[in-house]
Amino acid sequence: GCGLRVVQIWSQDLWNVDANHLSLVTGLEGDVNVKFLLTGGSLVKVRSNNWKKNRFFKLQEDFRTVFQETHKIIGRKNTFSIDDIDTVRQGRHSEGLEKYTDENMEDRCFSVIFKNRRKNLDLIASSREEAAYWTTGLEKVVRAMHNLSRQESSEHWIFNCMRKADKNHDNKMTLKEMKNFLRTINIEVNDNYAEMLFKKCDTSKSGTLEGSEIMHFYSLLTNREEINVIYSKYACTGGQMSAEDLLKFLVYEQRERSSMSDALRLIEKCEPDETAKENGHMTKDGFLMYLQQAEGMIFNMAHKDLYQDMSQPLNHYFISSSHNTYLMEDQLKGPSSTEAYIRALMKSCRCVELDCWDGENGEPVIYHGYTLTSKVLFKDVIKAIKEYAFKTSQYPVILSLENHCSLEQQKLMAHYLRSILGSALVTEPLGDKMPTHFPSPQDLKGRFLVKGKRMNKLDSFFSSSSALEEDSVSEEDEAANVKMPGEKPKSKMKLARELSDIVIYCKSVHFVSFEHTRDTQAFYELSSFKESKALNLAKTSATAFICHNAEKLSRTYPAGSRTDSSNYNPVPLWNAGCQIVALNFQTPCKEMDLNQGQFLPNGLSGYILKPKFLRNRATEFDPNRLTRGPWMQKKKFHVMIISAQQLPKLNKEKKNSIVDPLVKVEIYGVPDDKAEKETHHINNNGFNPMWNESFEFTVFVPELALVRFMVEDYDTASHNDFIGQYTLPFTSIQNGGSAVSPQLHFVWFFPVAQKKHCYFCIM
């Protein structure tokens, strides 16, 4: 296997591993596109009409970083990581390239899109062929590095750190270089221990480590005692696990319903030693490889793909939803961009918001009204939504319009929606008679729904009554709150028939009371609630809110006072059955972690079927006062936090900065289930800290519970620093039963810098 091949390279001559060896590991040996990247070349970097400059770019031989020429004096950074790349887009498909380049340059342009808030890198090659080399090569390297096994990726990273530690490039490691290397990989050891380790490996007594001595040092460094203990318990066949031994581990430790064929399949998939594989055995390396495969993860892989019933009415699902989708940053002066819509949609967001205002030259624009946020053309946003809406999920996208436009520009908005979205836009009810409930996500695959104001009832489609050309309607609840300082909020606005007519299943209405809604409003009439109102209703009238949401849709949104684009806790609103809980997707925070965890299962569709007791109009469920009912499925959740591997350094500028990690386990759900426990912190070890701490949680309503694992850097003088987290629904935890028992699983979490996926081991 590839993992063994890397080790063999190191044992022969660790320091002479070049790009040819790495291309073998990644499967890119001899690839012409990658060879082109390794040679490098000049590209035009584009920032504005007036800023287009030639810069040299080159893939480094570590396959992990790209060199970029820079003339900056302050904040100079001349490399970026392959791991930071989200996608590579061919053509003029970024906001910058569309604005600042001509159409005839389409086949020479490409963009590197980064994760998180980092700005895109917009580039122009000298020819179409050269652009193809760059885009194809980068895509191959990104894919290859992503597809490295966990073991290969780990070894690759350690190897790169070793090469960097060899300051004089003499292919040897001195004691000083070894200490620097240990700090680089996030370990601080005292001088006595470092000298003891060095002497243990320096068998030639030469004062330096080289060849097999470095290999010995590596094996000591990467030894996994906690895995050794578990492996030894079941390796009962000549020091290895036979298929029968592995089956016992799967059945007794992992609580899996496995057969002999499952054990043999895992050996075939994970075992790197060909002799062991032929004998139907699994070595310790193979066992570690198994634990780092999908089968060893805490997330139930049966929930990775679409597994829920998608034929229920739309209001029976939680829907991943964004607030102020157009913003990249804060709500006062941050940029508005089509890129923000693309990023939200690629994260499977299924409801995006468009704040529409009159723009220059008769063109409607989107921005945060009466602020210094920049503006983006309405038609450009619709084009971006059209292109990216269904790349991650095929299920329907709701366009939530906050309309502040004049009649003429409203008519143009309607024209753009119809002409750009075409037949994908729902412009009339499905079927040939007046519906009595929502269509399903399955019925609406690949379709767009507009949420906004409508002049008349939906049954006008099935009558011969003529509609008005325009009418006055009450403003959107959220739109009515947007006004100039000192200005009175408007209660009415003019609505153009053209825009009114394309609002079908999501007609916005003002909320009066649950009784009023039940008695007077149709199923397709939905209300938006600001967070304070929504959270109050979820606390004081939860059962009524749930019954309301069993028939209708509800949208909630953050308070206007959150000018920093922070977020509110979505969990109490999901507990109350609210479907469209809109969050600021542009802001990394705990609330967005919970949102991403909630929508992690079901094929990243952006739709999660609500529990049955939240879909029942006669339900008696109250999340704040639990009573007996189908929602009560009490479970004990046992967790043992064992160890972590390769946690990132948070302060890379400080050479001696080493993390002191601790792990928190948090439960979110109904109030009775909310809990948090944490391990002690480990001093000065982010490379391989070990805790071996056990926790137990009681979960009463597992169908509404989320589990969040968080790693922090302990600080005695201030708040702990966030390192990374992983969140998933309780019901998507691997295996289970009447209780969720200890099982050996790896939790892959996402560090704040997104440099690499790190992991810790739980049981």
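Remember, predicted model here, so these are calculated numbers, not experimental data.
For the atom pair SG (Cys351) and CG (Leu399), the distance works out to 8.0 Å, reported to the nearest 0.5 Å. The line from CG of Leu412 to CG of Leu417 is 10.0 Å long, rounded to the nearest 0.5 Å. Atoms CG and CD, on Leu43 and Glu130 in that order, are 6.5 Å from each other to the nearest 0.5 Å. The CZ atom of Arg118 lies 6.0 Å from the CG atom of Asp84; values are rounded to the nearest 0.5 Å. Interatomic distance, CE of Met105 versus CG of Asp107, reported as 9.5 Å (0.5 Å rounding). Atoms NZ and CG, from Lys453 and Leu401 in turn, are 12.5 Å apart once rounded to the nearest 0.5 Å.
Using modelled atom types, no side-chain atom of Asn595 and backbone atom of Met592 make a donor-acceptor pair closer than 3.5 Å. Under a 3.5 Å cut-off, the side chain of Ser393 and the backbone N or O of Tyr395 do form a donor-acceptor pair. Within the 3.5 Å criterion, the main-chain N or O of Glu106 finds no donor-acceptor partner in the side chain of Arg92. Here the side chain of Glu498 pairs no donor or acceptor atom with the backbone of His415 at under 3.5 angstrom. Side chain of Tyr341 to main chain of Glu353: a donor-acceptor pair is present (N/O by atom type, distance under 3.5 Å, no hydrogens or angles). Judged by distance alone, the side chain of Gln410 and the main-chain N or O of Cys405 form a donor-acceptor pair under 3.5 Å.
The aromatic rings of Phe110 and Trp134 lie parallel to each other, their planes meeting at an angle below 30°, with 60° marking the opposite boundary. Under the 30°/60° scheme for interplanar angles, the aromatic rings of Trp357 and Tyr370 are found to stand perpendicular. By the 30° and 60° cut-offs, the orientation of the rings of Phe390 relative to Phe448 is tilted. Relative orientation of the Tyr307 and His303 rings is parallel, given thresholds of 30° and 60° on the angle between their planes.
Glu363 places a side-chain heavy atom less than 4.5 Å from the side chain of Lys379. Side-chain contact between Gln308 and Ile608: present, with at least one pair of heavy atoms (C-beta onward) separated by less than 4.5 Å. Side-chain atoms of Leu430 and Ile504, non-hydrogen and from C-beta on, never get closer than 4.5 Å to each other. At a threshold of 4.5 Å between non-hydrogen side-chain atoms, the residues Leu354 and Thr325 do not count as touching. Using a 4.5 Å heavy-atom threshold, the side chains of Ser400 and Arg555 count as touching. Counting heavy atoms from C-beta outward, Met310 and Ser605 have side chains that approach closer than 4.5 Å. A heavy-atom distance below 4.5 Å is not found between the side chains of Leu600 and Ser732. Two residues are said to be in side-chain contact when any heavy atoms from C-beta on lie closer than 4.5 Å; Glu591 and Pro570 meet this criterion.
For the side-chain hydrogen bond (donor to acceptor under 3.5 Å, both in side chains) test, residues two or more places apart in sequence or in another chain that qualify with Tyr388 are Arg89.
Nearest heavy-atom pair across Glu95 and Thr338 is OE1-N, 3.4 Å. Between Gln598 and Pro601, the shortest heavy-atom distance links the atoms O-CD, 3.4 Å. Here the shortest heavy-atom pairing between Pro429 and Tyr505 reads CA-OH, 3.4 Å. Contact detail for Leu306 and Asn602: the closest heavy-atom pair is CD1-O, 3.4 Å. Contact between Arg350 and Leu345 at its shortest, heavy atoms only, is NH2-O, 3.6 Å. Across Trp51 and Lys45, no two heavy atoms sit closer than the pair CZ3-O, 3.5 Å.
Other residues, nucleotides and ligands contribute over 12 non-hydrogen atoms within 6.0 Å of the OH atom of Tyr367. Surrounding NZ of Lys269 are more than 12 heavy atoms belonging to other residues, nucleotides or ligands, all under 6.0 Å away. More than 12 heavy atoms of other residues, nucleotides or ligands shown are found within 6.0 angstrom of NZ on Lys58.
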- request: Let me see the working for Glu69 and Phe57 under side chain to side chain contact (heavy atoms under 4.5 Å, CB included), right down to the final yes or no.
  value: CA-CA 6 Å; Glu69 179 187 357; Phe57 291 82; over 6 Å; no
message: With salt bridge (Lys or Arg N to Asp or Glu O under 4.0 Å) as the criterion, how do Glu387 and Lys383 come out once you've worked through the C-alpha distance, each side chain's angles and the decisive distance to 0.1 Å?
response: CA-CA 6 Å; Glu387 184 168 355; Lys383 287 176 184 175; over 6 Å; no
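For Thr727 and Gln725, the side-chain atoms include at least one donor-acceptor pair closer than 3.5 Å. In summary, the side chains of Ser94 and Asp122 do present a donor paired with an acceptor at a separation below 3.5 Å, with no hydrogens or angles considered. Judged purely by distance below 3.5 Å, without hydrogens or angles, the side chains of Ser508 and Lys451 pair a donor atom with an acceptor atom. For the residue pair Asp564 and Ser566, a side-chain donor N or O sits within less than 3.5 Å of a side-chain acceptor on the partner. A donor atom on one side chain and an acceptor atom on the other are not found under 3.5 Å apart for Gln442 and Tyr607.
Taking the six-membered ring wherever Trp is involved, the centroid distance between the rings of Phe80 and Phe114 falls below 6.0 Å.
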